[in-house]
Amino acid sequence: MSERKVRVRFAPSPTGPLHIGGVRTALFNYLFAKKHGGDFLLRIEDTDQARYVPGTEEYIQEALEWCGITIDEGPKQGGPFAPYRQSERKDLYRQYAEQLLESGHAYYAFDTPEELDLARTKAEANGETFTYNALSRGQMKNSLSLTGETWQALLSSSTHYVIRFKMPDNLDVTEVDLIRGSVTFNTALLDDKVLFKSDGMPTYHLANVVDDHLMEISHVIRGEEWLPSMPLHVLLYRAFGWENTMPRFTHLPLILKPEGKGKLSKRDGDKLGFPVFPLLWKDKVTGEPSRGYREDGYFPDAFINMLALLGWNPGTEQEIFSMAELCETFTLERVGKSGARFDPEKTKWFNHQYFIKKSDLELGKLLLPLLKEKGVAADLNMATKVSGMVKERCNFVSEIWEQSYFLFQAPVSYDEKIVSKRWKDDVPAMMVEISIFFEALENWSAPLIKEPFSEYVTGKQWNFGTVMNSLRLCLVGGSFGPDIFDICEIIGQSETVIRIRKGVETIKI
């Protein structure tokens, strides 16, 4: 095949939210295209109108945008091969179905659902599985088994029909998969797939091949579940006489469950507490929400970095990649054949790496809306300082609050175990003296509090451990939190004094 421009497509069906397996397929297509200076297309394959879910197409577009996967051509973007929505292209598929009929590669089938069920039942009674193929098609109701007059009369009377591909009998179909190498299928094990229905809509197989050809797709990179369809698609290219421009095929390994066997599903996420969709999705019928990585607080670049390493490895120890680095480094040769096990904890680890790389100011800006939701009045300066203090212990912006809420609001209760252990008879008087000492300090920053305070406590000959633990109890309500002088600096001089005095008034032995 002559060298041609790399053009790939992500072609989801709008039948529900985009699973992270679909996002990874889109990502690998995108990385391959950008690596080779090619184009990335989005094509919406909505020929199955019965399963169409409103809002899904918009969800797919928004998810790809959030991930930073830029679409070169698509329903929203347009392009030289528009339209990119198959329901808007349906008029052109009939001519290709008729071309296959005329060349003898397809035929009309008039079997009713009841007749097909009967054929399956008979086969099962004999311990067999019914397959509509070269062995059985002669006993079924189609344009190959009926007389020309009979089947043409059925067509004229608007009898329901489908157009099936005439699968060759006992032919080895060999094609190279860019991950798996040479793959051979024997057509004796394949059925005569439906290509076109009398309602004027093509099935996935016909529309997919026709559109890939017309849109000049050079490489088909899709999930492993489509591998059994490859021989049919290869035979369709041959039947149309398009073999010389047929795309190269690649079938990506599955994303596996964190535990047990099989493909990752929404149920796994529900059971183990992690999302399997990029964005929040609400079921259009039940209203039931499904969590999304965006709403759970993941950064898009961390999410993408994690997905890239599910099934692909760079051949080095490097784990953190920007999108630009992925585009430069990615190759299909380093995509594995085996399924890649999803690890929710590793996903959090990736987010942590991106989290701690962000400046304190960036995190402070992200924290402010959350503080507003909590009804906390705080300025950017305080939010920035708090973020810098706790970010090493956080994976998400929401965890900054969990690690620092006591800096924004005074304790309303005090840990009884700590009270009983630390709050001795002489402690209230110590705390009152400390509040007076703090109130008189002229400079209020952690280093300028710590040194004079240490001298003061030493001069009083108080037990330093008792003082520090009791002071922490007054300030945060327990025995947790960062360095006590950092706490004092952040909450401010006035608030520090207020909290100490409230503790003295409230805590009872």
Side-chain angles (χ1 to χ4, degrees), residues 360-361 363-364 367-368 370-372 374-394 400-509:
D360 298 350
L361 179 60
L363 293 176
L367 180 60
L368 277 179
L370 179 59
L371 295 177
K372 189 175 180 182
K374 302 283 185 185
V376 173
D379 60 19
L380 180 58
N381 182 51
M382 184 174 181
T384 299
K385 282 184 178 179
V386 170
S387 298
M389 182 184 293
V390 303
K391 73 180 185 181
E392 290 288 344
R393 299 197 294 275
C394 301
I400 298 179
W401 170 258
E402 294 164 16
Q403 293 284 343
S404 66
Y405 66 90
F406 48 85
L407 298 172
F408 298 101
Q409 54 190 28
V412 293
S413 62
Y414 301 89
D415 188 317
E416 291 181 5
K417 288 183 181 178
I418 304 302
V419 170
S420 126
K421 185 176 180 182
R422 304 293 185 188
W423 200 261
K424 304 305 180 185
D425 291 341
D426 57 344
V427 166
M430 288 182 192
M431 293 299 109
V432 170
E433 287 193 49
I434 288 170
S435 72
I436 295 168
F437 170 79
F438 278 160
E439 198 169 33
L441 280 179
E442 293 183 2
N443 297 302
W444 196 258
S445 65
L448 296 178
I449 300 168
K450 181 175 183 177
E451 189 174 338
F453 177 81
S454 300
E455 290 175 3
Y456 180 76
V457 172
T458 303
K460 288 285 187 177
Q461 296 186 332
W462 290 338
N463 180 285
F464 209 80
T466 299
V467 170
M468 295 299 281
N469 285 304
S470 302
L471 180 56
R472 184 178 292 277
L473 181 65
C474 289
L475 296 179
V476 303
S479 60
F480 50 84
D483 181 86
I484 203 158
F485 301 107
D486 287 336
I487 294 175
C488 292
E489 178 183 335
I490 285 181
I491 67 175
Q493 187 170 15
S494 174
E495 178 68 11
T496 300
V497 172
I498 289 169
R499 289 192 188 190
I500 294 171
R501 289 176 179 168
K502 183 187 175 188
V504 171
E505 293 170 7
T506 309
I507 299 170
K508 305 298 180 189
I509 302 173

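Bear in mind that the values here come from a model prediction, so they are computed numbers and not experimental data. The chain is numbered in sequence order, starting from 1.
- Residues in residues 451-476 take part in these salt bridge (charged side-chain N to carboxylate O under 4.0 Å, His left out) pairs, two or more places apart or across chains: E433-K460.
- Atom NZ of K421 sits in a sparse spot, with 12 or fewer heavy atoms from other residues, nucleotides or ligands closer than 6.0 Å.
- A distance-only check finds a donor-acceptor pair linking the side chain of S435 to the backbone of V432 [under 3.5 Å].
- A heavy-atom distance below 4.5 Å is found between the side chains of P452 and L441.
- Note that OG1 of T458 is 6.0 Å distant from CZ of F464, once rounded to the nearest 0.5 Å.
- For the pair P447 and E489, the tightest heavy-atom approach, listed with the atom from each and the gap, is CD-OE1, 4.5 Å.
- Classification of the W444-F438 ring pair by plane angle, with boundaries at 30° and 60°, yields perpendicular.
- Here Y414 contributes atom OH and T506 contributes atom OG1; the two are 4.5 Å apart, rounded to the nearest 0.5 Å.
- Taking 4.5 Å as the limit, some side-chain heavy atom of F453 sits within range of a side-chain heavy atom of L471.
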Practice item. Show your working on side chain to side chain contact (heavy atoms under 4.5 Å, CB included) between K450 and I484 and close with a plain yes or no. Key: CA-CA 9 Å; K450 181 175 183 177; I484 203 158; over 6 Å; no
**Study point:** Derivation and outcome, side chain to side chain contact (heavy atoms under 4.5 Å, CB included), residues M430 and V467
**Key:** CA-CA 8 Å; M430 288 182 192; V467 170; 3.9 Å; yes
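- The line from CD1 of I487 to OG1 of T496 is 9.0 Å long, rounded to the nearest 0.5 Å.
- K502 places none of its side-chain heavy atoms less than 4.5 Å from the side chain of C474.
- Environment of CG in D379: crowded, with over 12 heavy atoms of neighbouring residues, nucleotides or ligands closer than 6.0 Å.
- E402 CD: more than 12 foreign heavy atoms inside a 6.0 Å radius.
- Note: C394 SG to I400 CD1 = 5.5 Å, rounded to the nearest 0.5 Å.
- With rounding to the nearest 0.5 Å, the separation of OG in S479 from CG in N469 is 7.5 Å.
- A pairwise comparison of heavy atoms in M382 and L407 identifies CE-O, 3.1 Å as the closest pair.
- In this structure the side chain of L363 never reaches within 4.5 angstrom of the side chain of T384, judged on heavy atoms.
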Practice item. Apply side chain to side chain contact (heavy atoms under 4.5 Å, CB included) to the pair C488 and L475, showing each step before the final yes or no. Key: CA-CA 8 Å; C488 292; L475 296 179; 3.9 Å; yes
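- Taking every heavy atom of both residues into account, R499 and A410 meet most closely at NH2-N, 3.4 Å.
- Salt-bridge formation is detected for the pair R501/E439: a Lys NZ or Arg NE/NH1/NH2 atom is positioned less than 4.0 Å from an Asp or Glu carboxylate oxygen.
- Remark: I490 CD1 to K385 NZ distance equals 7.0 Å, nearest 0.5 Å.
- For the pair L368 and A383, the tightest heavy-atom approach, listed with the atom from each and the gap, is CD2-CB, 3.9 Å.
- Side-chain contact between L448 and F485 is absent, with no heavy-atom pair separated by less than 4.5 Å.
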Point to revise | Worked check of side chain to side chain contact (heavy atoms under 4.5 Å, CB included) between V376 and W401 | key: CA-CA 11 Å; V376 173; W401 170 258; 3.8 Å; yes
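- Electrostatic pairing of D360 and K391 counts as a salt bridge here, judged by a charged N lying under 4.0 Å from a carboxylate O.
- Taking the six-membered ring where the residue is Trp, F480 and Y405 present tilted rings, their angle falling between 30° and 60°.
- Using a 4.5 Å cut-off on side-chain heavy atoms (C-beta onward), S470 and M431 make contact.
- Contact of the P411 side chain with the V476 side chain is not registered, since no non-hydrogen atoms from C-beta on lie closer than 4.5 Å.
- Considering only heavy atoms from C-beta on, W423 stays 4.5 Å or farther from I418 through its side chain.
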